[in-house]
Structure formats: C-alpha cells, structure tokens
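One structure is given here, and the rest of the page talks about it.
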Amino acid sequence: MLCRHALPAQNRPECSFASPARFLQARVRLCLRAHQPMQQLARGAARTACRQLRRMAAAKAPSRPATAVATAAPRLAAAHAATPAVPLTRLAAAPRSGSSLLASVRLQRAICVAARAQAAEAAAAAAAATSEQEQEQPAAAAAAASQEQQPEEPKKEYAVVNFFHLVDLERPWEIINASKQWLEGKEVRGRIYFSEQGVNAQFGGVREEAEGYAKWLSEQPLFEGLFYTVWPADEHMYPKLRLKYKPNLISLAGGMQDLPITRPEARAVPTPPAEWKRMLAEGQQTGRMPLVLDVRNSYEWDAGHFVGAERPLEENFNETPTEALPQKLPAYLETADPDQPVMIYCTGGIRCDVYGTYLKQKGFNNLYTLQGGIQNYMREEGLDHWNGSLFVFDGRMAIRYNKDEEAPLDAAAPCQVCGAEAVLPHMNCANIDCNKLFIACDGCKGKFRGCCCESCMDAPRLLRPAKTKGTYGNWSDYVSQSEGEDDDCLGEASQAIASGRGEGRISRRRKRQQAMKQRELAKRAVKVERRRQAKVVLAQLQSQMAEGAAPAANDEQAERLARLERLRELRQRLQQQQAASASA
C-alpha cells in the first residue's frame with residue numbers, strides 16, 4: 001500500500017483534511033505507537049506545529065495547512081532519519097500489522113504533503129521574483145533613458161577677485177556681519193579685511209559667487225564706485241575664508257591710522273594704464289625718465305617689474321621707510337628733487353596709494369600711482385614696458401597675462417644660485433631655519449635639492465622631498481616618516497622634530513632678517529656714498545663754470561670727471577637697451 005501522493009496526478013484520489021492540527025495530532029500519535037525510538041523528536045515536532053497553529057489562530061490569520069505541515073515535516077523526516085532501522089521504504093513495502101502499516105503510510109503522506117507545500121511556495125516565490133524583475137526592467141530602462149537625456153552638470157568656473165576701497169567707516173562691524181550673512185553657504189575663500197578706513201580684499205572661489213559679492217558690496221551706499229578685477233582660476237586658490245576686522249589694511253611700519261588716506265586730495269594722482277604707458281614711452285624717447293618707484297617686496301621685483309624701476313631694498317613691505325623707522329625715505333628718493341615726477345606702482349594699488357599719501361606729507365608734489373595696480377595694467381595694456389611675470393599672493397604664485405591671453409611665465413631676475421635663466425614660481429628653501437623665498441633654474445633646484453645654497457643642504461631640519469612647484473608640507477608631517485624612506489634625511493628630520501624646536505622659529509627668522517638687513521644696508525651705503533660724491537663733483541664743476549675759472553687739472557679731479565662720464569655713458573646705454581627690449 002502506497003501513499004496516494006506517490007501516485008501520478010491523474011491517478012491520485014481525492015482527500016481533504018478538516019484541520020491541520022487534528023491531522024498532525026492523529027498521525028503523530030499513530031507514528032509514535034509504531035516507532036518508539038522516534039518519540040522525543042516526533043513529539044517535539046508535533047508540539048512545534050501545534051504551537052504555530054495556535055499563534056495563527058490567536059492572530060486571526062487564515063488557516064494554512066500546507067505551511068503548518070511544511071514547518072513540522074522536516075523534524076519528522078529528521079526523526080525518521082535518526083532511526084535507520086525503520087526506513088520509509090521498508091515501512092511502505094514490508095507486510096506489517098495493520099497499525100504499523102497504517103502508521104508508515106500516514107508518516108509518508110505527511111512528508112509528501114510537506115514536500116508539495118515547499119515546492120509550491122518555492123514556485124510562488126520564483127514567480128513573484130520574475131514578475132518583479134519584469135516590472136523593474138522597464139523602470140530601469142526608463143531611468144537610464146532619462147539620465148541620458150539629462151545634460152551633464154556644467155563644470156564649475158573659478159576666479160580670483162581683488163579690490164580695495166578707502167572710505168571712512170564709522171561702524172565697520174555692521175558691514176562685516178552683513179558680509180558674513182551674504183557669504184554664508186557660498187564657495188568663497190580668501191582674505192577680506194575691514195577697518196575704519198575701508199576694505200582690502202583678495203579672495204576667490206566659484207566665479208558667480210565671488211564676483212557676486214564684489215557686485216553686492218559695490219551697491220552698498222559707502223562703497224559706490226568700487227573698482228575690482230576678476231582673474232580666471234582652475235580651482236580654489238585660497239585655503240579658507242578670513243573675513244574680519246583689521247586695524248591696518250596693509251602692514252605699514254607705524255600703522256596707517258594717522259595718514260589721511262580716505263581723502264582723495266591727500267593721495268597721489270591716480271593714473272589710468274593708458275596714461276601710465278604714455279608717460280613711460282615718453283620718458284624713454286626723450287631720455288628724461290621719471291623716477292619709477294616699486295613699493296613691493298624685493299622678491300616680487302625678481303618675478304617682474306616695469307622698465308626703469310630699481311629693485312626695492314626691503315624684503316617685506318613693513319620695512320619700507322616711514323617715520324616709525326630710522327630711515328624716513330627710500331634710498332632712491334633721498335637725493336631726488338621734490339618736484340621730480342615719481343611714478344609709484346604695486347600689485348593691486350593699495351600699497352602705492354597709502355605710501356603715496358605718506359610721500360606727499362614728506363614734501364613730494366609730483367606723485368602718480370598706477371590705477372588698479374599691475375593687474376589692471378596687464379588687463380588693459382598687456383606687457384608693454386614690463387619685464388617678467390607678476391608675483392601674486394595666492395595658489396598661483398605668479399601670473400603673466402597679455403590682454404586676457406596667458407603667456408609663458410618668465411622671470412625678470414636670473415637664477416639666484418648660478419645666474420642662469422630662472423624658472424618661476426618662487427620656492428622656499430628646504431632648510432626650515434633659512435626658509436628663504438628665492439627663484440632658481442631647474443638645474444639648481446635638483447642639484448641643491450630645494451635649498452637656496454650649498455650650506456643649507458647639511459642642515460638637520462630639512463623638508464623632504466623637495467618640490468619644484470607650490471609649497472612644502474607642514475614640518476610636523478615628517479614625524480611619521482622613518483629612516484630609509486625615499487630620502488636619507490627623513491630619519492634626521494624625525495630626530496630633529498623629536499628634540500624640539502630649539503631657540504624658536506620667531507627668533508631664528510629675526511636673526512636671518514637682521515643678517516639680510518645688514519647686507520642690504522651695506523649695499524645701500526655704498527650707493528648713497530657714490531651718489532654723494534657725484535653730487536659734490538657736479539656742484540664743484542658748476543661753481544667753477546659760473547665763476548668763469550678753468551677747472552682744476554689735478555689728477556684727482558680728472559679721475560672724478562672720467563668716472564662721472566663713464567657713469568653717464570653706462571646709464572644712457574642701459575636706457576637704450578631697456579627701450580629696445582620694450583619695443584621688441
């Protein structure tokens with residue numbers, strides 16, 4: 001006698017069960033009578049099935065016999081497998097007593113019902129998954145099509161904005177707070193300083209937002225007529241935004257609060273780029289060049305400068321002579337006539353405007369400043385009468401634009417190590433105790449491994465590896481590097497860091513600056529003495545010619561006259577070379 005579920009579907013007799021709980025209880029009892037070794041496992045399976053059915057009834061769920069049987073049947077099958085002496089095949093085929101044979105048939109039937117239920121559930125799950133996939137495929141295709149149809153997001157355009165505006169501000173904190181509210185959540189980084197005397201700003205970011213702030217500020221009542229320049233950039237050129245109150249907009253020795261810089265009549269004459277170009281061209285043609293004064297730092301002059309401008313003797317702008325310093329006037333103006341035309345220029349215009357106000361107080365009456373600075377001149381007049389590139393205080397470090405067209409970066413000064421053609425941008429010496437900003441050629445950068453001289457190569461506090469562009473990493477970043485990695489100096493650097501900073505960075509920088517200042521003062525003293533001697537000789541000659549007497553024909557006087565004549569020839573030759581290079 002076989003279970004009806006083992007027969008083909010067309011020959012299978014009809015049967016139904018009134019209740020799954022009753023079915024399991026009755027069949028398991030018969031199974032337990034016939035198979036005593038399976039008592040514990042079978043009894044546990046029955047209890048599990050009945051417990052599940054009671055939970056379904058308590059939750060008022062519909063009766064699902066197939067699910068209940070499928071839950072209990074695996075345990076029944078495991079119980080039967082645990083008793084190999086009584087396999088299902090023997091129970092179905094061997095002639096036993098009626099109760100034993102009936103029990104085996106009932107057990108096989110329960111297992112078959114569970115198998116059918118599991119197969120049905122698996123088929124239903126597979127059908128549901130297939131239908132879900134069929135529904136998802138059109139949706140995915142539609143999403144892909146919509147993505148293809150949607151245009152790609154435009155690439156962000158970055159820019160650098162520069163401006164300053166000198167005006168009396170009674171409550172600068174109000175405009176600072178308003179600026180913070182306007183810039184909140186916008187991609188703008190840089191330096192924006194306000195004081196009672198106006199604003200000085202160099203910042204950048206997304207072009208629309210950076211330029212939008214300049215336009216917004218120019219619409220405020222106190223900032224009408226604000227002039228700003230916009231330069232394209234590849235990315236952010238400043239690490240963060242510093243928007244704050246600063247008593248001095250620039251680092252002038254002694255401060256700038258006592259200077260009447262907010263009064264236009266107290267400042268020098270602002271000269272548009274076209275007029276500035278005309279004045280330089282006229283001076284070169286006539287041989288009477290006006291005195292061109294560069295009020296930037298000395299290393300900025302090395303990157304580029306106007307024709308006829310001497311290299312500043314000051315390394316930093318806060319060393320520019322003022323009443324707060326022992327020297328009151330720049331060396332190039334000490335012997336100048338107060339009525340001689342003086343053309344003052346800087347990068348953006350604020351330094352020459354402020355210092356022009358100071359020089360006007362010192363008695364110079366014929367002062368001209370470049371309106372908008374060198375940046376505005378390059379934008380409008382290009383590179384005429386300009387040598388080299390322009391040093392900037394942001395991530396670009398140097399730019400060279402010829403009427404909105406970018407040109408190769410050229411340095412106005414040679415390599416400060418070997419004298420060959422230098423390559424911009426500047427770089428700091430790898431020796432932290434030196435940290436000199438200098439320009440060099442590619443050969444010296446590799447030969448001296450980022451140092452400014454041979455003596456710095458043996459210093460214990462070196463930044464490695466040397467970079468040819470940009471800046472070095474922080475000194476503390478080298479602690480984690482051990483000896484033998486990329487460079488033999490890494491281990492020495494780690495030991496130097498572990499031993500502390502020594503006498504201190506500020507004191508080391510002060511000593512270095514004092515030594516450089518002594519060298520510059522010595523050079524300045526030599527130049528001043530030569531000019532004084534030439535002035536004395538000229539005065540003597542003029543007095544003798546006025547009296548009608550013949551000049552003294554002694555050897556010393558003749559030597560002085562010959563030297564003066566050579567100096568004049570050398571000056572004329574230099575002016576001719578500069579004029580030829582500018583015209584070319």
Requested in this report: I would like to know whether Leu259 and Gln361 meet side chain to side chain contact (heavy atoms under 4.5 Å, CB included); could you show each step before the answer?
Outcome: CA-CA 9 Å; Leu259 295 175; Gln361 285 187 340; 3.4 Å; yes
Closest non-hydrogen atom pair between [X] and [Y], with its separation:
{"X": "Arg267", "Y": "Lys360", "answer": "O-NZ, 3.2 Å"}
{"X": "Ala412", "Y": "Trp301", "answer": "CB-O, 4.1 Å"}
{"X": "Ser389", "Y": "Asp410", "answer": "OG-O, 2.7 Å"}
{"X": "Gly419", "Y": "Pro414", "answer": "O-CB, 3.5 Å"}
{"X": "Met237", "Y": "Val160", "answer": "CG-CG2, 4.0 Å"}
{"X": "Ser179", "Y": "Leu243", "answer": "CB-CD2, 3.8 Å"}

Requested in this report: Before giving the answer on ring-ring contact (aromatic ring centres under 6.0 Å, His included), spell out for His165 and Phe223 the whole-Å C-alpha distance, their side-chain angles and the decisive distance to 0.1 Å.
Outcome: CA-CA 7 Å; His165 194 71; Phe223 295 91; 5.8 Å; yes
Heavy atoms, side chains only, cut-off 4.5 Å: are [X] and [Y] in contact?
{"X": "Leu249", "Y": "Val199", "answer": "no"}
{"X": "Cys441", "Y": "Cys418", "answer": "yes"}
{"X": "Val295", "Y": "Val354", "answer": "no"}

Requested in this report: Fit a plane to each ring of Phe391 and His426, take the angle between them on a 0 to 90° scale, and name the class: parallel (under 30°), tilted (30 to 60°) or perpendicular (over 60°).
Outcome: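 Plane angle over 60°, so perpendicular.
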Query raised in the report: So Trp276 and Phe306, would you call those rings parallel, tilted or perpendicular, with 30° and 60° as cut-offs?
Result: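 Answer is tilted, since the angle falls between 30° and 60°.
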Requested in this report: Take Phe203 and Phe163 through the ring-ring contact (aromatic ring centres under 6.0 Å, His included) test and state the conclusion after the steps.
Outcome: CA-CA 9 Å; Phe203 59 93; Phe163 63 79; 5.7 Å; yes
Less than 4.0 angstrom from a charged side-chain N to a carboxylate O is my criterion; do [X] and [Y] meet it?
{"X": "Lys156", "Y": "Glu235", "result": "no"}
{"X": "Glu209", "Y": "Lys186", "result": "no"}
{"X": "Glu334", "Y": "Lys328", "result": "no"}
{"X": "Glu300", "Y": "Arg351", "result": "yes"}
{"X": "Asp234", "Y": "Arg396", "result": "no"}

Looking at [X] and [Y], would you say the former's side chain and the latter's main chain have a donor-acceptor pair under 3.5 Å?
{"X": "Asn297", "Y": "Phe317", "value": "yes"}
{"X": "Tyr377", "Y": "Asp384", "value": "yes"}
{"X": "Thr322", "Y": "Ala253", "value": "yes"}
{"X": "Asn162", "Y": "Gly348", "value": "no"}
{"X": "Lys215", "Y": "Glu211", "value": "no"}
{"X": "Gln220", "Y": "Trp216", "value": "yes"}
{"X": "Arg379", "Y": "Val230", "value": "yes"}

Report task. Walk me through it: do Arg171 and Glu174 pass the test side chain to side chain contact (heavy atoms under 4.5 Å, CB included)? Result -> CA-CA 6 Å; Arg171 294 180 293 274; Glu174 293 183 359; 2.7 Å; yes
Working to the nearest 0.5 angstrom, can you tell me the gap between [X] [atom1] and [Y] [atom2]?
{"X": "Gln202", "Y": "Thr347", "atom1": "CD", "atom2": "OG1", "value": "9.0 Å"}
{"X": "Tyr332", "Y": "Asp294", "atom1": "OH", "atom2": "CG", "value": "9.5 Å"}
{"X": "Asn248", "Y": "Asn200", "atom1": "CG", "atom2": "CG", "value": "11.5 Å"}
{"X": "Lys277", "Y": "Glu380", "atom1": "NZ", "atom2": "CD", "value": "11.0 Å"}
{"X": "Ile192", "Y": "Arg189", "atom1": "CD1", "atom2": "CZ", "value": "13.5 Å"}
{"X": "Met256", "Y": "Asp353", "atom1": "CE", "atom2": "CG", "value": "10.0 Å"}

Query - Exceeds 12 heavy-atom contacts within 6.0 angstrom, atom CD of Glu421 - result: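 It does not: Glu421 CD has 12 such atoms or fewer within range.
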Query raised in the report: More than 12 non-hydrogen atoms from neighbouring residues, nucleotides or ligands closer than 6.0 Å to NZ on Lys362, yes or no?
Result: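 Buried by this count: over 12 neighbours within 6.0 Å.
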Query raised in the report: Stepwise, does the side chain to side chain contact (heavy atoms under 4.5 Å, CB included) test hold for Leu183 with Tyr213?
Result: CA-CA 8 Å; Leu183 292 171; Tyr213 173 71; 3.9 Å; yes
Query raised in the report: If you measure only the distance, is there a donor-acceptor pair under 3.5 Å linking the side chains of Asp339 and Asn365?
Result: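 Note: Asp339 and Asn365 side chains meet the donor-acceptor criterion.
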Query raised in the report: Can you find a side-chain donor-acceptor pair between Thr262 and Asp168 that sits under 3.5 Å?
Result: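 The criterion, which ignores hydrogens and geometry beyond distance, is satisfied for Asp168 and Thr262.
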**Report entry** Worked check of side chain to side chain contact (heavy atoms under 4.5 Å, CB included) between Val292 and Tyr345
**Finding:** CA-CA 8 Å; Val292 183; Tyr345 72 92; 3.6 Å; yes
